[in-house]
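Please read the structure below before turning to the comments.
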Amino acid sequence: MELSISIIIGLMILGALYAIHAKDLLSSVIACGIVGYSLVICFLLLKAPDLAIVQIVVDTITLIIMVAVVLDSSREESYSKLDTKGYISAATGILMIVVLLYFFAISVQSLDVLGTSSLRMANYYIEGAAQKTGSANLVTGVVFDFRGYDTMGEAVVLVTAVLGVLTILRLKGKK
Amino acid sequence: MNPLIPLFVIIPLVGAFLIMIIGRFIKEFNKYFASLILFSLALISFYFLFTTRENSFVYKVGGWEPINNIPIGIYMVMDGFTAIVVCIINFIGFLSAFYSISYIKRYTSENYFYALFCLMIAGMNGVVISGDIFNIFVFLEISVISSYALVAFGVEKNELEASFKYQVLGGLASFLILFGIGFLYWKAKTLNIADIKGAFSNGYDKTYYLFVQILILSGFGLKAAIIPFHAWLPDAHSSAPSPISAMLSGVLIKAVGIYVIIRLFFNMFYISEGMSVLITTLGTLSMVIGVFLAIGQWDIKRLLAYHSISQMGYVVMSVGIGMILVSRGVRNEVAALAITGGIFHLINHAAFKGLLFLNAGAIEYSTGTRDLREMGGLAKAMPATSATSFVASLSISGIPPFNGFFSKLIIIIAAVMARFYLLAALAVIVSIITLASFMKFQRYAFYNEDPDKKKNSIKEVPFPMLFSMIILSIVCLLLSILVFPGIRELILTPAIDILMDPSKYSSQIIGM
Amino acid sequence: MKGMTLIVKKSTQLIAGIIFMYGIYVIVHGHLTPGGGFAGGVIIAGSLILVTLAYGGEFLKLVKEEAGTTIIESMATIMVIMIATAGFFFGTKIFFNNFLPRGVVAQLISAGVIPLYNIFVGTEVAASIFIIFLSLVIFKEESPQ
Amino acid sequence: MTAYIMCFILFLVGLYGVITRRNLVKIAVSMSIMEISTFLFFALLGYIDGGVAPIVDPADPVQTYVDPLPQALVLTAIVIGLATTSMMMAIIIRLYRKYGTFDIREIKNLKG
């Protein structure tokens with residue numbers, strides 16, 4: 001199990017690197033879509049069908065929006081030599097990445113390996129979940145009943161984003 | 001389980017959606033409806049300020065009782081510290097909404113403005129009263145996404161660019177916070193703040209704990225614009241409409257940034273000395289660098305934005321001093337004094353920074369420029385604005401009768417008693433430079449007479465803007481009474497007790 | 001916005017309805033099979049976007065559509081909040097209470113309030129994503145090159 | 001352990017992209033890559049060996065289920081990610097229509 005997941009994540013890393021360094025913006029957006037769709041396969045391997053459905057459709061919508069933005073533009077990235085400011089930001093980026101990775105590698109040793117995670121709060125979601133919430137799908141039970149307040153916040157986040165998009169895309173801001 | 005707590009989130013949400021629907025048909029509806037909503041919220045928060053003295057109300061959303069001492073559902077917690085911050089949010093929110101009744105005439109589509117404003121208030125209230133870290137993240141996203149859109153409200157070049165930079169850094173912070181939550185869940189297997197403290201009580205790996213703390217600190221530090229992550233604040237606050245930058249500077253970076261850092265580091269993590277020294281140095285750095293960046297500014301709003309960073313540095317430094325003493329376990333009363341100074345300065349900064357941004361908006365409203373060099377002699381043309389701005393400038397630079405002086409005094413005394421003489425000296429120096437910078441602001445904006453400048457066309461701002469500015473300047477004066485022992489026990493001390501001994505917080509939440 | 005070629009139009013005629021029905025199926029069976037309010041809502045939005053892309057639509061119709069969808073969206077979100085606050089009055093007087101009877105686990109009408117949440121969150125998500133897509137299209141139409 | 005470390009490497013690739021890229025679309029792409037790795041991290045947290053997808057089947061009730069809580073969190077986080085991405089795309093198309101370029105440096109020194 002761990003091997004197959006690691007292979008897929010390795011491919012995702014390659015896709016991500018290509019997406020960042022691609023010359024043509026459209027191919028970079030499509031590479032990002034590929035990384036999203038391979039996440040769907042990971043979800044299926046990790047026994048999360050709910051997430052697979054939502055991720056595959058949301059990734060399609062994100063791809064549509066990104067392609068809509070990139071398509072009518074001159075798609076090549078204006079490549080320019082890294083000036084000093086570029087080198088500084090690249091150096092700080094790499095430094096930050098090395099530090100974070102080093103910290104992560106050490107602190108991961110003391111935590112439980114993939115697949116052996118114990119349960120504490122979630123025990124009671126699984127145990128009496130079907131009776132308490134009445135829903136056969138435990139994830140929907142958790143989403144809409146145990147943590148329904150989060151999901152209302154969630155729906156409000158989406159409405160805020162719609163309002164935000166409507167305000168940003170209106171033609172005239174000031175009278 | 002008193003049922004008033006969820007009203008903090010329900011009222012602004014339902015109000016925002018009603019504004020979106022009804023505002024389309026009745027033009028004048030949304031202006032007054034939004035102010036009415038926020039006024040009712042301010043009343044409820046004052047009610048809570050005076051009733052949650054020692055106890056803390058816990059509201060179990062969904063009615064899920066804990067099973068053998070492990071909380072299942074999401075908890076809303078209203079205790080001393082929450083009551084103070086909720087008061088700041090809703091009171092300054094009401095005044096900004098009332099202020100923008102006439103300010104917003106210069107922008108198109110007021111419906112979206114008021115709907116997003118109510119959603120931002122709902123998000124901030126949700127963050128402050130929730131006792132569950134993932135819930136804090138969701139409501140953080142509501143308030144932050146609506147502030148992205150409000151920063152880019154007048155859709156011109158610098159506003160769009162500032163909002164884009166703000167979104168990139170804000171999104172970065174959200175992913176760091178999500179990763180931190182994932183990491184916490186990995187070991188603690190629970191999301192309730194008090195329960196996480198319980199889960200870590202039987203020992204934890206040092207580097208893992210440090211890594212999680214750094215992730216969470218940098219995530220929320222980015223929202224609070226602490227020094228290494230402050231890049232977005234000057235652009236975002238100077239290009240937003242003035243009532244929004246008053247809300248952003250006065251309330252958002254506190255409720256969503258500083259409050260969550262203080263709450264998590266006192267009530268969720270075990271404070272280690274290394275971490276508290278890091279927080280104190282970050283606070284001192286942002287205090288010093290913020291003020292030096294602010295000196296060279298000529299645009300009023302950028303000047304005020306940089307001063308926000310330095311004033312937030314005061315709060316973080318004094319809370320950091322308290323954390324160092326708590327982690328060493330020595331001199332608890334000095335630690336309590338340091339944290340009191342920090343929270344008191346938080347309240348004061350909300351009052352006078354909000355007022356300064358409203359003044360900047362009033363100047364921009366009547367003269368049309370924000371550049372100090374093009375102004376002059378506004379004192380005669382706009383008497384009320386110059387009076388309130390004089391009050392605010394004196395209180396931010398810590399002149400005795402005003403509230404800024406007392407909170408800075410407590411911070412400096414605490415630093416001296418905790419034997420951090422360097423920090424105390426820096427605090428005094430920065431206060432003096434702030435005074436100099438605001439004297440420059442006053443002189444250029446209001447007092448130096450330029451005969452050639454046309455002053456007759458400038459007239460005073462309409463009533464709603466005046467009303468909120470005058471109320472805020474009165475509040476700046478009134479807040480100084482918080483120092484006296486009688487009032488302080490009522491409001492500040494319960495917040496300090498909740499933070500000082502964290503077992504009080506978890507025992508009330510979980511009954512551990 | 002001009003539509004696409006005849007082949008695309010004909011194939012959307014075939015599958016758009018099916019996708020729409022599948023979205024409704026996923027919403028309604030949210031508490032039995034994987035999926036739920038969010039997944040179904042996004043699928044419905046996908047089918048609406050497919051039809052708009054395939055057939056295009058002159059500009060004014062799109063603007064009117066967007067205004068109508070905004071009303072639907074805020075109505076659906078208010079309904080979600082109403083069900084949540086309905087918990088105040090029924091059941092055990094708590095904010096997010098599941099006050100309807102639970103019923104037998106694996107049946108269609110079984111999980112108390114959850115199917116209602118599913119339906120309203122589903123419509124709200126579908127309306128929101130459709131508005132985001134429409135506002136992008138309208139902006140690209142009306143803004144100067 | 002390798003799955004977690006590679007997932008974090010994916011996060012760092014996204015972080016690297018956000019910090020060093022100049023192009024607006026590339027920044028948005030790296031933001032969504034960071035998003036994807038965060039969702040993957042939560043899904044990895046919830047996996048239990050031999051667990052079954054969390055659907056209760058009344059026929060054979062007793063089974064070890066995968067942890068439903070991180071899945072519920074990811075469900076919420078995916079839609080938040082969609083919200084932030086669409087906001088960012090709105091600003092990117094707006095800036096492109098006004099300035100004809102996706103490069104931050106050019107937008108910065110363009111006046112008016």
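For clarity, every value in this text was computed on a predicted model and none was experimentally measured. Chain A is the first sequence line, chain B the second, and so forth, proteins listed ahead of strands; every chain is numbered from 1.
The shortest non-hydrogen separation linking D:Ala53 to A:Pro49 is CB-CD, 3.7 Å. In terms of heavy atoms, D:Ala28 sits closest to A:Met66 at O-CE, 4.2 Å. Among all heavy-atom pairs drawn from A:Ala16 and D:Val13, the shortest one is CB-CG1, 3.8 Å. Of all heavy-atom pairs between D:Gly17 and A:Ile20, the closest is CA-CD1, 3.6 Å. Considering all non-hydrogen atoms of both residues, A:Leu45 and D:Tyr47 come closest at O-CE1, 4.1 Å. Between D:Lys26 and A:His21 the shortest heavy-atom distance is NZ-C, 4.4 Å.
Inter-residue side-chain proximity for A:Glu154 and D:Ile80 is flagged as met; some heavy-atom pair is nearer than 4.5 Å. With contacts defined as side-chain heavy-atom distances shorter than 4.5 Å, the pair A:Leu39/D:Phe39 qualifies. The closest side-chain heavy-atom distance from A:Ile9 to D:Thr2 is not below 4.5 Å. No side-chain heavy atom of A:Ile5 sits less than 4.5 Å from a side-chain heavy atom of D:Met6. In this structure, D:Ile19 and A:Ile97 have side chains that are not in contact, with every pair of non-hydrogen atoms separated by 4.5 Å or more.
Contact of D:Phe102 with chain A is made through the side chain alone, with heavy-atom distances under 4.5 Å. Heavy-atom distances place both the backbone and the side chain of D:Tyr16 under 4.5 Å from chain A. Neither the backbone nor the side chain of D:Phe11 comes within contact range of chain A; no heavy atom of the residue lies under 4.5 Å from a heavy atom of that chain. For a residue to count as touching a neighbouring chain, one of its non-hydrogen atoms must lie under 4.5 Å from one of that chain's; by this rule D:Val79 touches chain A with backbone and side chain alike. Only the backbone of D:Leu45 comes within less than 4.5 Å of a heavy atom of chain A; no side-chain atom from C-beta onward does.
No donor-acceptor distance shorter than 3.5 angstrom exists from the side chain of D:Gln71 to the backbone of A:Leu138, with no hydrogens or angles considered.
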Worked verdict on D:Thr85 versus A:Thr62 for side chain to side chain donor-acceptor pair (under 3.5 Å): CA-CA 8 Å; D:Thr85 312; A:Thr62 320; 5.7 Å; no
Worked verdict on A:Phe43 versus D:Val74 for side-chain contact (heavy atoms from CB on, under 4.5 Å): CA-CA 11 Å; A:Phe43 280 154; D:Val74 172; 4.1 Å; yes
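Between A:Arg147 and the choices D:Leu69, D:Thr76, D:Leu75, the side chain to side chain contact (heavy atoms under 4.5 Å, CB included) rule is met once, by D:Leu69.
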